[in-house]
Amino acid sequence: MFRPKVPTMPQPTALTTPPAVAEPSTITPHAPARASTAATPALNRSVVQLTPGTVLALVGGGTAVVLVVGAVLVSMLLAVALTAASVAVCALTVRSVITRR
């Protein structure tokens, strides 16, 4: 009744161009550069400088992310609860219909 159809590989219809040939190149060695003997002083500052504006933006962004994720999770929980309640009502209805017959 059901027979699977095996796909066939299509044949190319257009002319294809051969791949380009890579020409070898010559490598010329260079003398290694000397390391600088003068030491640079280490900076004690952090790389990221936090100003009050950036701290406020980070806190606001984090709060927004937490609120959005919380709203999504609560809505998913509500959807599961509504589905469970409707299935329970359907089960009770079907059981009462079966017992009456």
Side-chain angles (χ1 to χ4, degrees):
M1 182 173 163
F2 296 107
R3 292 186 180 182
K5 294 185 178 182
V6 179
T8 59
M9 293 296 294
Q11 298 296 323
T13 56
L15 295 176
T16 59
T17 57
V21 177
E23 296 292 329
S25 61
T26 58
I27 298 174
T28 56
H30 293 283
R34 289 188 181 176
S36 175
T37 56
T40 57
L43 299 176
N44 291 334
R45 295 189 321 174
S46 63
V47 176
V48 178
Q49 295 180 358
L50 296 176
T51 62
T54 57
V55 170
L56 186 63
L58 287 174
V59 169
T63 303
V65 167
V66 167
L67 289 176
V68 168
V69 169
V72 168
L73 292 178
V74 167
S75 65
M76 289 172 63
L77 180 64
L78 182 62
V80 169
L82 287 175
T83 303
S86 65
V87 167
V89 168
C90 290
L92 288 175
T93 306
V94 168
R95 189 174 86 177
S96 67
V97 167
I98 289 176
T99 56
R100 286 186 189 172
R101 288 188 177 201

Side-chain donor-acceptor distances from residues 65-83 under 3.5 Å, at least two apart:
| residue | atom | partner | partner atom | Å |
| --- | --- | --- | --- | --- |
| S75 | OG | A71 | O | 3.2 |
| S75 | OG | V72 | O | 2.7 |
| T83 | OG1 | A79 | O | 2.8 |

Only pairs under 3.5 Å count here: list side-chain donor-acceptor contacts from residues 53-63, not counting sequence neighbours, and write none if there are none.
| residue | atom | partner | partner atom | Å |
| --- | --- | --- | --- | --- |
| T54 | OG1 | T51 | N | 2.9 |
| T54 | OG1 | T51 | O | 2.8 |
| T54 | OG1 | T51 | OG1 | 3.4 |
| T63 | OG1 | V59 | O | 2.8 |

For V89 and T93, which heavy atoms make the closest approach, and how far apart are they? O-OG1, 2.8 Å
Find the distance between CD1 (I98) and CZ (R100) and round it off to the nearest 0.5 Å. 12.5 Å
